[in-house]
Protein chains: 2
Amino acid sequence: MIKKEIQEKRIRGYFIDATKTLLKGEGLKSISVRNIADRAGYSYATLYNHFNDIKDLIFVCVNDFQAECAEFIRNETAASPRGIEKIRAIINAYVKYFVQYPGIFDLFFLEKISDITNKQSTVEMIYYLTDRLCSEEWTYCIDEKIVSAGEAETLKAEIRNVIAGLLLFYINRGYPENYQEFINLTQNQINHILDR
Amino acid sequence: MIKKEIQEKRIRGYFIDATKTLLKGEGLKSISVRNIADRAGYSYATLYNHFNDIKDLIFVCVNDFQAECAEFIRNETAASPRGIEKIRAIINAYVKYFVQYPGIFDLFFLEKISDITNKQSTVEMIYYLTDRLCSEEWTYCIDEKIVSAGEAETLKAEIRNVIAGLLLFYINRGYPENYQEFINLTQNQINHILDR
DNA sequence: TAGGAAGAATTAACACTGTTAATTATATTA
DNA sequence: TAATATAATTAACAGTGTTAATTCTTCCTA
């Protein structure tokens with residue numbers, strides 16, 4: 001019956017929305033089966049009729065957040081000139097997004113995954129997120145002979161890792177100690193990678 | 001009484017040793033108050049007579065592991081020629097250490113801290129660990145006019161962040177998917193930063 | 001429309017977690 | 001030796017994820 005599928009999808013949606021709200025608000029530490037179910041308007045055990053376990057539910061949110069992040073970046077960087085300048089703007093917006101929602105950073109990079117096997121695509125999506133967000137601009141830079149294809153690959157990886165490290169230290173360890181210092185350092189690092 | 005202090009220190013040591021064994025073996029997820037106390041030969045509540053809470057105990061281990069890591073690197077890099085080459089060797093050994101003990105990586109970079117205020121020095125120690133491990137070689141490079149002092153600071157930060165990012169993705173997300181690929185990528189990134 | 005079958009949602013329970021208060025055991029001192 | 005101080009323990013609480021058993025609801029057929 002197609003009717004069942006619609007209902008199923010709707011109920012899953014209630015749980016997912018509740019989880020997303022919690023993640024964006026109070027963060028990952030506030031997430032619990034009973035907490036989510038309360039917000040969704042169901043009993044805690046009902047969650048297990050629609051998801052394998054709580055990690056399953058939590059990682060379903062990654063897709064939505066990833067789309068939201070991309071949309072946020074599109075708006076922030078619409079006016080930036082193409083090429084290296086746009087890559088710089090994209091990375092800045094990317095950093096801004098995760099600083100605004102540290103709970104989503106926790107989910108994307110810190111939270112352990114229960115069953116790694118069927119989460120492979122999710123992990124891949126997270127890993128290549130910065131690459132994907134900048135890919136248009138990189139091909140533009142390659143076409144315009146600003147960088148070689150090989151060099152671009154190395155730079156993609158460097159940005160991916162540097163930004164992950166910077167966010168890890170700032171969000172999870174409070175280093176640098178204030179936002180301005182953090183932004184300055186990030187700026188400095190990005191410039192050092194991109195300007196040559 | 002000095003006698004009391006000796007006893008106090010001894011008992012603390014039992015708990016610390018138990019925690020260290022668990023962290024190096026089964027990792028952070030196996031850590032619990034009762035688990036540690038069992039291994040230490042005490043009741044779980046006794047732990048609270050010697051530590052504020054379990055996070056307190058866990059983060060006491062950071063000092064020991066940091067010293068162990070430094071010692072490991074000294075042994076691994078004793079034969080390396082000074083300067084950039086030695087920095088490369090130090091970073092490789094550093095990466096090797098955390099890949100060998102993913103539980104210690106979790107502790108250093110992922111685990112949340114309860115009371116941030118009096119852990120400031122611990123956080124700082126972790127943050128500047130790669131800088132400190134390489135500091136002798138950086139001053140050597142500056143003295144030999146291989147790099148400027150300003151450039152060295154930027155490179156220190158770049159290494160700190162890139163390596164944190166690489167380890168985060170590999171240890172916590174299983175990317176790249178096998179060890180050889182991970183090492184190749186790490187090599188590539190380090191060379192790109194250091195060779196210019 | 002009534003009754004039975006299938007499905008979904010709930011409660012109760014279990015095995016954990018960290019932490020604290022009250023109690024017992026041990027050691028020290030008068 | 002007796003009284004006191006200190007250390008270690010047990011019991012308990014509030015929380016976690018998860019599962020089995022039970023109730024409730026919906027749907028289809030007689």
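Side-chain atoms are counted along with the backbone in the values below, which use heavy atoms only and exclude waters and symmetry mates. Order of the sequence lines fixes the chain letters, A, B, ..., with proteins taken first and strands second; residue numbering starts at 1 for each chain.
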Q: Kindly indicate, with the supporting measurements, whether the criterion side chain to side chain contact (heavy atoms under 4.5 Å, CB included) is fulfilled by B:V95 and B:Q187.
A: CA-CA 11 Å; B:V95 166; B:Q187 229 45 262; over 6 Å; no
Q: Test A:Y127 against A:R160 for side-chain hydrogen bond (donor to acceptor under 3.5 Å, both in side chains), laying out the working first.
A: CA-CA 8 Å; A:Y127 185 68; A:R160 180 169 65 229; 3.2 Å; yes
Got a list of protein N/O to nucleotides 5-11 of chain C N/O distances below 3.5 Å?
{"unit_1": "C:dA9", "atom_1": "OP2", "unit_2": "A:H50", "atom_2": "NE2", "d": "3.0"}
{"unit_1": "C:dA9", "atom_1": "N7", "unit_2": "A:N49", "atom_2": "ND2", "d": "3.3"}
{"unit_1": "C:dT10", "atom_1": "OP2", "unit_2": "A:S43", "atom_2": "N", "d": "2.7"}
{"unit_1": "C:dT10", "atom_1": "OP2", "unit_2": "A:T46", "atom_2": "OG1", "d": "2.5"}

What N/O pairs connect the protein and nucleotides 14-17 of chain C at under 3.5 Å? Give each pair on its own line.
{"unit_1": "C:dT17", "atom_1": "OP1", "unit_2": "B:S32", "atom_2": "OG", "d": "3.1"}

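Atom-to-atom, CD1 of A:I36 to C1' of D:dT16 comes out at 12 Å; the value is rounded to the nearest Å. For the pair A:I113 CD1 and D:dG17 P, the computed distance is 17 Å after rounding to whole Å. Atom C1' of nucleotide D:dG17 and atom CD1 of A:I58 are separated by 11 Å, given to the nearest angstrom. Atoms CZ (B:F15) and C1' (C:dG18) sit 14 Å apart, rounded to a whole Å. Spacing between atom CG of A:D53 and atom C1' of D:dT19 amounts to 13 Å, rounded to whole angstrom units. Taking atom CG of residue B:D56 and atom C1' of nucleotide C:dT19, one finds them 14 Å apart after rounding to whole Å. Straight-line distance from the OH atom of A:Y48 to the C1' atom of C:dA13: 14 Å, rounded to whole Å. Rounded to an integer number of Å, the gap from A:N52 CG to D:dT18 P is 10 Å.
From one end of the helix from C:dT1-D:dA30 to C:dA30-D:dT1 to the other, with five pairs defining each end axis, the axis direction shifts by 30° (rounded to 10°).
Checking each of A:K20, A:K24, A:R74 against A:E68 for a salt bridge (Lys or Arg N to Asp or Glu O under 4.0 Å) leaves exactly one that passes, namely A:K24. None of B:F98, B:Y101, B:F59 except one satisfies the ring-ring contact (aromatic ring centres under 6.0 Å, His included) rule with B:F108; the exception is B:F98. Just one residue in the list A:Y175, A:F169, A:Y170 forms a ring-ring contact (aromatic ring centres under 6.0 Å, His included) with A:F182, and that residue is A:Y170.
Between the side chain of A:N35 and the backbone N or O of A:S30, at least one donor-acceptor pair lies under 3.5 Å. Side-chain N or O atoms of B:N161 include one that pairs as donor or acceptor with a backbone N or O of B:A157 at under 3.5 Å. Remark: side-chain polar atoms of A:Q189 are paired, donor with acceptor, to backbone N or O of B:E158 under 3.5 angstrom. No donor-acceptor distance shorter than 3.5 angstrom exists from the side chain of A:T77 to the backbone of A:S80, with no hydrogens or angles considered.
Note that CG of B:L23 and NZ of B:K29 are 10.5 Å apart. Values are rounded to the nearest 0.5 Å.
Side-chain atoms of B:I54 and B:I36, non-hydrogen and from C-beta on, do get closer than 4.5 Å to each other.
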